[in-house]
Trainee: 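Sharing a structure here in structure tokens format.
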Amino acid sequence: MKILAIDTSSKLCGIALLEDCNIIDKMELNEGLTHSEILMPSIEKILKKNNFKISDIKLFVCDIGPGSFTGIRIGIATLKAFSDSLNVPTVGVDSLECLANNIDSSSTICSIIDCKNDNCYFALYELKDSNYNILEFPQANSIQNCLSILNNKYTDKEIIFVGDGSVAYKDIIEQNFSNCQFANNTLNDLDVGKLGIIGFKKYSDNQKNYSSDYLLPLYLKKPQAQRQFESNILEICRMNLNDLNLIDFNYFDDFWNIENLKTDLLSDNSVWFSAKIENKIVGFVGIKVVLDEADIMNIAIHKNYRQQGFASSLLSEVINYCKNNGINKINLEVNENNIPAINLYKKLNFRIDGIRKKYYGNNDAIIMHILL
């Protein structure tokens, strides 16, 4: 069985081709968190190098997190699109389990991923009969609480720490936990080839429920937008001309020019909403209303705040506004290559109507709508 595995949960972008448990080829690129730009070209490159077509792949494997919210969404959206179009099963593997598989030892294994500010994702495993059994399920916690759990329940044998969190918090771990070892540096990054092997074994053990519908991100923390909204930091409100002074347009590359935006803000048929954090606009969306229908004219998110839930929050506000103002249908167009956006719209119950050929240069536009 030919397998394509991808990992976009961290700063590394990994792609691997496998035949069952045998790694044919793999690429691991450290270009920072730019996976939306390099993932598809990298997949095309590795397929072409090995004389494969995407239609040759009979199983997709994806890292579902925990890790970068943005990276996880990009990877899952990409493989969902492949899986749906080719009717090929897809398997999700979590990052912490994959890290544990880097360690071949009878010691207790603590996979730990740094999520900044003395916080981490972690899980505990033991290797028994060639299986990595879970002792503590994946969770997000402070490093101190993580170590307290270990000290309270797992002091009977040595613990091996693996993952970038074991490097970031090595001093704290050593100060609080004497019976520990640390993985070699080369083992602290997730191995995309090993990810593919784990996925194949999962699929071989149980070939049920591996449609793309079951490929879901493992979010151990709420998205940034939701956390900020719940703490009253994020404000979503109607937008006006004065709000233009709160936008740093250098960080927005997916909107009309400023003069068109000003004109539309003054139009009686247009309604715009902005997402603000501490008096800075991090996103905005506008609709044009005609009778009982609305067209989404533009949605733009600050480059540093993408794939964190802000677009979803803005669109939810638009939907609520339309429901409360007698609007029965919302329409939109989206570039066929903008897979994360298409999946977001589907999540919000938008349906595909058709396509407009070459609407975005060489790319088609997907036409979508939602009935309210």
Trainee: Can you run down the salt bridge (charged side-chain N to carboxylate O under 4.0 Å, His left out) pairs that involve residues 155-167, sequence neighbours left out, and say none if there aren't any?
Mentor: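 Residue pairs with at least one partner in residues 155-167: there are none.
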
Trainee: Mind checking side-chain hydrogen bond (donor to acceptor under 3.5 Å, both in side chains) for D114 and listing every partner two or more places apart, or none if nothing turns up?
Mentor: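 For D114 the side-chain hydrogen bond (donor to acceptor under 3.5 Å, both in side chains) partners, ignoring immediate neighbours, are Y169.
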
Trainee: Tell me, please, which residues at least two apart from D243 pass side-chain hydrogen bond (donor to acceptor under 3.5 Å, both in side chains).
Mentor: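 Only K276 meet the side-chain hydrogen bond (donor to acceptor under 3.5 Å, both in side chains) criterion with D243.
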
Trainee: Of all residues at least two apart in sequence or in a different chain, which pass the side chain to side chain contact (heavy atoms under 4.5 Å, CB included) check with Q175?
Mentor: D171

Trainee: Using atom types as modelled, flag every donor-acceptor pair under 3.5 Å from a side chain in residues 338-346 to any protein atom, sequence neighbours excluded.
Mentor:
| residue | atom | partner | partner atom | Å |
| --- | --- | --- | --- | --- |
| N338 | OD1 | A341 | N | 3.4 |
| N343 | ND2 | I339 | O | 3.0 |

Trainee: Taking only distance into account, with no hydrogens and no angle test, what donor-acceptor pairs under 3.5 Å do side-chain atoms of residues 280-287 form with protein atoms, sequence neighbours excluded?
Mentor:
| residue | atom | partner | partner atom | Å |
| --- | --- | --- | --- | --- |
| K280 | NZ | Y305 | OH | 3.2 |

Trainee: Among pairs that include at least one residue of residues 359-372, which meet salt bridge (charged side-chain N to carboxylate O under 4.0 Å, His left out), considering only residues two or more places apart or in two chains?
Mentor: K357-D364

Trainee: With sequence neighbours left out, what residues match N133 under side chain to side chain contact (heavy atoms under 4.5 Å, CB included)?
Mentor: E126, K128, N131

Trainee: What ring pair (Phe, Tyr, Trp, His ring centres under 6.0 Å) pairs are there with at least one residue in residues 73-104, not counting sequence neighbours?
Mentor: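 Pairs touching residues 73-104 that pass the test: F60-F82.
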
Trainee: With sequence neighbours excluded, what pairs up with D129 under the side chain to side chain contact (heavy atoms under 4.5 Å, CB included) test?
Mentor: none

Trainee: My understanding is that only residues two or more places apart in sequence, or in another chain, count here; which of them pass side-chain hydrogen bond (donor to acceptor under 3.5 Å, both in side chains) with H369?
Mentor: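 side-chain hydrogen bond (donor to acceptor under 3.5 Å, both in side chains) list for H369, sorted by chain: D353.
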
Trainee: Please name all residues satisfying side chain to side chain contact (heavy atoms under 4.5 Å, CB included) with E37, sequence neighbours left out, ordered by chain then number.
Mentor: T34

